[in-house]
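Here the structure is a predicted model, which is why all the values come from computation and not from measurement. Heavy-atom basis, side chains included; hydrogens, waters and symmetry copies ignored. Counting starts at 1 for both ligands and their atoms, in listed order.
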Amino acid sequence: MKTFSVITIFPDLIRNYADESILGRGQEAGAIKIESINLRDYAIDKHQTVDDSPYGGGPGMVMRVEPWHRALAAHNALSPKANAAEGTHDERTHTVLMSPRGRTFTQRVAEEWVEKYDRIVFVCGRYEGVDHRVAEFCVDEEVSIGDFVLAGGELPALTMIEAVSRLVPGVLGNQESLDQETFGKGDDDQGAEYPQYTRPEKFGSWEVPAILLSGNHAAIAKWRSESRKK
Ligand code: SAH
């Protein structure tokens, strides 16, 4: 069982997506668990404030370090770098900050995580971002989903959870499909998946390649391997 914990000020965004389709079924099957934690529950004032204006000036608001520190400690998810008396995580837990400046998430990272960790904890920024002490001391690494800027870390977290979950046995109906897929596995990267077709054989003048209807498995395998996008 893999656990994904998402800390956010929009816990319903995570729940709504995680309860449907593959992630929903994976949870029902007991292969994965996705928990959504409200950062505001760990605010230090009664108004549940989690942001403040930036030191040095500039536009927008920055998320404060204390709510993040409290939330991570309460879930035993603080990085050992935090050097805290309590609340640091064990070696099978990995805590990541969603950040456009982080290392780029790829299929290789998903494979690494599924192997090394039982629990992954996602820190979702909002506003202009998160007080840098969270990146420095509270999380294990900063990870990005690409060179563009979103309004929050929730979509990046869900993207990573979905990519990792597909690799957890019992989440996908057909585990075999993983080997043939785009980005392959490990060093076996065979390029992008071959083109797929289904019924009808003919849609107007658009026809399915005849070789796929030939029943000649060796010829089909050859065609598929040649049709991969490298
Ligand atoms: N001012 C920041 C952007 C803040 S966007 C900058 O210029 O870098 C607000 C939050 O959205 C970030 O803290 C991060 O958690 C999330 N986010 C935005 N784009 C992201 C990306 N490409 N990958 C991962 N997280 C991202």
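- Near G129, meaning under 4.0 Å from one of its heavy atoms, ligand 1 places the atoms 13 (O).
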The test is side chain to side chain donor-acceptor pair (under 3.5 Å); show your working for Y17 and E162 and say whether it passes.
CA-CA 10 Å; Y17 189 82; E162 188 160 301; 2.6 Å; yes

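- Annotation: atom 26 (C) of ligand 1 to nearest protein heavy atom, P100 CD, 3.7 Å.
- Each of the atoms 24 (C) of ligand 1 lies under 4.0 Å from some heavy atom of V143.
- In summary, the atoms of ligand 1 found under 4.0 Å from a heavy atom of I145, numbered by their order in the structure, are 23 (N), 24 (C).
- Checked for salt-bridge contact, E136 and R133 miss the test: no charged N lies under 4.0 Å from a carboxylate O.
- Close contacts between ligand 1 and G153 involve ligand atoms 11 (O), 15 (O), 16 (C) [criterion: under 4.0 Å to a heavy atom].
- Here P156 has side-chain heavy atoms under 4.0 Å from ligand 1, and that is the only part of it that gets that close.
- Judged by distance alone, with hydrogens and angles left aside, the side-chain atoms of K2 form no donor-acceptor pair with the main-chain N or O of A31 at under 3.5 Å.
- Note: H94 and F122 fail the aromatic proximity criterion, with ring centroids not under 6.0 Å apart.
- In this structure, of F122, F105, F148, the residue bringing a heavy atom nearest to atom 22 (N) of ligand 1 is F148.
- L150 N, 3.0 Å is the protein heavy atom nearest to atom 19 (N) of ligand 1.
- Within the listing of ligand 1, atoms 4 (C), 5 (S), 9 (C) sit less than 4.0 angstrom from a heavy atom of Y127.
- Numbered from 1 in the order shown, with element, the atoms of ligand 1 that lie under 4.0 Å from a heavy atom of V149 read 3 (C), 5 (S), 19 (N).
- Atoms of ligand 1 found under 4.0 Å from any heavy atom of G146, numbered from 1 in the order shown, are 22 (N).
- Around atom 1 (N) of ligand 1, the closest heavy atom drawn from R101, E128, E154 belongs to E128.
- Within 6.0 Å of the CZ atom in F203, the count of heavy atoms belonging to other residues, nucleotides or ligands does not exceed 12.
- Scanning A157, G125, P59, S99 for the heavy atom closest to atom 25 (N) of ligand 1 points to S99.
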